[in-house]
2 protein chains.
Amino acid sequence: MPTKLSQLKQDFTEGLSQISRFWGLPKGMGAIFAVLYLSPTPLSLDEVVTQTGLTKGAVSTEVRTLARMGLVHRSSKLGDRKDYYEAESDFYKSIRSILKERQNSEFDRAVRSVKETLDLLEAGSVSGDEAEVAFVHERIKALQEFFNAIDNLASAVIKLESLGFGNVTKILSVLK
Amino acid sequence: MPTKLSQLKQDFTEGLSQISRFWGLPKGMGAIFAVLYLSPTPLSLDEVVTQTGLTKGAVSTEVRTLARMGLVHRSSKLGDRKDYYEAESDFYKSIRSILKERQNSEFDRAVRSVKETLDLLEAGSVSGDEAEVAFVHERIKALQEFFNAIDNLASAVIKLESLGFGNVTKILSVLK
DNA sequence: TACTGTGTTTAGTAACTACTAAACGTTCTA
DNA sequence: TAGAACGTTTAGTAGTTACTAAACACAGTA
């Protein structure tokens, strides 16, 4: 017997919820995105509420952070007071805005603090056992370089028009 | 006045803790790694305890998951009952084992479930409004391709001997 | 003006997580 | 065999998080 479309949508939503949770995001966020992503037309807040089983409040707040991440877009129709939401289907765009968003986060502050620690060492203004200072210097420098590499890789990905097959195989060919 | 080495270590540990927390990992895990990473010699569990301020229990369990991720290594000296731990300093190796670890996780199960959903659609065994089924099919296919691209990119990174400057600039040059 | 249909904010809660303290199990030593 | 030196496990806890329920604000309409 064939699977019902509604059932399939529900399974898919379930799956995205788990993926969402895995990355430390609220699972409701994954569910909301899934529902919007599979909808041919933009949905109102109440439609999202009924299709996800969440409350208005939850959807209201989480849809806002989704919008800030560039994963959904909010729009409105003339002569209709409702807001409508639709999923961004160009994942490349989403990645770009997510990475940009992260730029000003706690994460970057911490990374910068490592950089400052390194600067102190480079300036030679750290007192203590000479050999150990040298060792610590080397280690922190290595970590800093690793951070830079990650950062460059992220920039590379951002530069891509898409993560389509062609681009990735190009990358692979270089690395071979 | 010069900064004391011990102070510098403490700041660094603080920083790694925050980074750790940012990625959804226990902050204690970051602290433990930091302490080991800056130590010229392997440390015993008790030494880690005093330097991190955590309890034996916490260090015992978290050091184990760090070891499973390949970020620290446990060793022992002959004629000494203590275990000793040291940080892996080749981050490329660590990344590889982390990604490998993830392979068997909840995340991959969820990704596979998306694949199965797609298979159902490809087989044409989904009932419902024809146009909508087609739409959903297209969307899920796009998502699946995105997952594949990410996966390929991860493979590419794994293949790298290191994420050093040379490799990344090579990648960037291809993408230009 | 009251009323209705919106989205937002707030207070509270259930579940989870990262820990602590302490009991426990082992292995070595006296 | 007792005891000490380890690492592990377990029970409990403080803090956090993702939510719910409901009050709220605001605009359009009768």
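A, B, ... follow the sequence lines: proteins, then strands. Residue 1 opens every chain.
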Can you find a side-chain donor-acceptor pair between B:Ser44 and B:Glu47 that sits under 3.5 Å? yes
Regarding A:Arg21, tell me which of base, sugar-phosphate or nothing describes its non-hydrogen contacts under 4.0 Å with the strands shown. nothing
B:Ser60 side chain near D:dT8 phosphate (N/O to OP1/OP2, under 4.0 Å): yes
Side chain to side chain contact (heavy atoms under 4.5 Å, CB included) partner of B:Lys56, the single match among B:Val48, B:Thr61, B:Leu45: B:Leu45
If you take all heavy atoms of A:Gly128 and B:Leu5, which pair is closest and at what distance? CA-CB, 4.5 Å
Measure from the ring center of B:Phe91 to the ring center of B:Tyr37 and say whether it is less than 6.0 Å. yes
As a quick check of understanding, evaluate side chain to side chain donor-acceptor pair (under 3.5 Å) for A:Ser17 and A:Glu14, giving each step before the final call. CA-CA 5 Å; A:Ser17 295; A:Glu14 189 71 27; 5.6 Å; no
Roughly how many Å is it from CG in A:Asp46 to P in C:dT4, rounded to a whole number? 16 Å
Atom-to-atom span, OH of A:Tyr84 to C1' of C:dG5 - whole angstrom: 12 Å
At their closest point, which heavy atom of A:Lys4 faces which heavy atom of B:Ser127, and how far apart are they? CA-OG, 3.7 Å
For the helix from C:dT1-D:dA30 to C:dA30-D:dT1, what angle separates the axis at the start from the axis at the finish, each from five pairs, in steps of 10°? 20°
Atom-pair distance (CD on A:Glu47; P on C:dG5), nearest Å: 16 Å
A:Phe22 CZ - C:dT17 P separation (whole Å): 13 Å
Figure out the CG/P separation between A:Leu43 and C:dT6, and round it to whole Å. 14 Å
For nucleotides 16-30 of chain D, give me one character per nucleotide, 5' to 3': B if any protein heavy atom sits under 4.0 Å from the base, S if the only such contacts are to the sugar-phosphate, - if neither. --SSBS-----BS--
Salt bridge check: are B:Glu132 and A:Lys9 linked by an N-O gap of less than 4.0 Å? yes
Using whole Å, report how far OH of A:Tyr85 lies from C1' of C:dT8. 10 Å
d(A:Leu8 CG, B:Glu116 CD) to nearest 0.5 Å is 11.5 Å
A:Lys82 NZ to C:dT4 C1': how many Å, rounded? 13 Å
List the atom of A:Ile19, the atom of B:Ala110, and the distance in Å for their closest heavy-atom pair. CG1-CB, 3.3 Å
What is the nucleic acid contact for B:Thr61, judged by heavy atoms within less than 4.0 Å: base, sugar-phosphate only, or nothing? base
Could you give the CG-to-C1' distance, from B:Leu66 to C:dA18, as a whole number of Å? 14 Å
